[in-house]
Number of protein chains: 2
Amino acid sequence: MTDERQGSVGVVDSVLVALADNTRRELLQLLAAQGEATATTLAESLPISRQAVAKHLAVLDAAGLVSGSRVGREVRYAVKPATLDATARWMTMLAADWDRRLAKIKHIAEAAERRDTP
Amino acid sequence: MTDERQGSVGVVDSVLVALADNTRRELLQLLAAQGEATATTLAESLPISRQAVAKHLAVLDAAGLVSGSRVGREVRYAVKPATLDATARWMTMLAADWDRRLAKIKHIAEAAERRDTP
DNA sequence: CCGATGTGCAACCATCGAGTTGCTGGCAAG
DNA sequence: CTTGCCAGCAACTCGATGGTTGCACATCGG
């Protein structure tokens, strides 16, 4: 199993790195809108070359956010919601964890205050 | 106001960029664990210099993930769960959107298949 | 078979970002 | 007042990354 401890490396890292780029997010949006598309098609909707798009798709594929399947001489890419969803879950969990800790610390601080100024 | 459309720039961008770095995530973890800490303190728990930590904290602050408050000659930083939570929500919504579109497209494809092979 | 179209690979360039060192300025404790 | 932390620039190095061009390879259509 992949351990997957909070802030360490892993699947989450690659997803976040992939999502950190605006062009890649636009690419995902286009893919989600069209269902399936090739690198060349996508490049026509963006101000960058086909090769640049291909590289981005490789990154997204490595992160598990998209997957490509060869059909004849072209490669159709499609979005994979599961990975994004998993990352969203991880984030929600993390935020909840922070909240828990903050609440606990605040509680301790208040207790100390009550003790100092009775 | 900041518009804040789906895949375009904005708050989400800065948060994702901030989270894309592993050192920054470790920093957040440390902060969440300790409640409050200064740049120098945090630097002692990491293999990098105080200045590097300060830069990272600046990025996290700009993204709204932490906030620092001056106490005497030192600056105490603390985690801000709200922003992370908002981003997590955004992601969940996005994943759901992808799922919706995928389902619709699949439906269309099946309909076409039924029509082609009656 | 031959041309057109789409991918993949490699080299190359420019910029960005993480990290460093070095110095200055403020605040506090002696 | 002086000494010692702590924070805040500023300049610099260097590897990662987004982007480009050029070419070779496969596949479809005539």
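Every chain is numbered from 1, with letters handed out A, B, ... down the list of sequences. Just so it is clear, the model here is predicted, and its values are computed rather than measured.
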Using whole Å, report how far [atom1] of [X] lies from [atom2] of [N].
X	N	atom1	atom2	answer
B:E44	D:dA7	CD	C1'	14 Å
A:R70	D:dA26	CZ	P	10 Å
A:H56	D:dT17	NE2	C1'	9 Å
B:N22	D:dA16	CG	P	15 Å
A:L19	D:dG18	CG	P	13 Å
B:E74	D:dC5	CD	P	14 Å
B:L57	D:dA7	CG	C1'	12 Å

### B:A54 or A:R24, whichever maps to the more 5' nucleotide of DNA chain D
B:A54

### Query
With respect to the phosphate group of D:dC5, does any side-chain polar atom (N or O) of B:T38 fall under 4.0 Å of OP1 or OP2?
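Answer no for this pair, as no side-chain N or O of B:T38 is under 4.0 Å from OP1 or OP2.
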
Do [X] and [Y] come close enough that some side-chain heavy atom pair is under 4.5 Å?
X	Y	answer
A:H56	A:L42	no
A:D13	B:R25	yes
A:N22	A:E26	yes
B:D97	B:R100	yes
B:L16	B:M91	yes

### Task
Would you mind telling me which of D:dT20, D:dA7, D:dA11 lies closest to the side-chain atoms of B:K55?
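Given the options D:dT20, D:dA7, D:dA11, the side chain of B:K55 is closest to D:dA11.
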
## Note on the structure
The nucleotide from D:dG18, D:dC5, D:dA7 with an atom nearest the side chain of B:R50 is D:dA7

### Message
Exactly one of A:T83, A:L28, A:L27 should register a side chain to side chain contact (heavy atoms under 4.5 Å, CB included) with A:V66. Which one does?
### Response
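For A:V66, the side chain to side chain contact (heavy atoms under 4.5 Å, CB included) test succeeds with only one of A:T83, A:L28, A:L27, which is A:L28.
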
### Nucleotide range of DNA chain C lying under 4.0 Å from chain B heavy atoms
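Terminal contacting nucleotides, 5' to 3': C:dA18 to C:dA28.
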
### Message
Show, in sequence, the C-alpha distance, side-chain angles and deciding distance for A:V17 and A:V59, and conclude whether the side-chain contact (heavy atoms from CB on, under 4.5 Å) test is met.
### Response
CA-CA 9 Å; A:V17 168; A:V59 173; 5.5 Å; no

### Query
Is a donor-acceptor contact shorter than 3.5 angstrom present between the side chain of A:Q51 and the base of D:dG22?
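Side chain to base: pair found, below 3.5 Å.
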
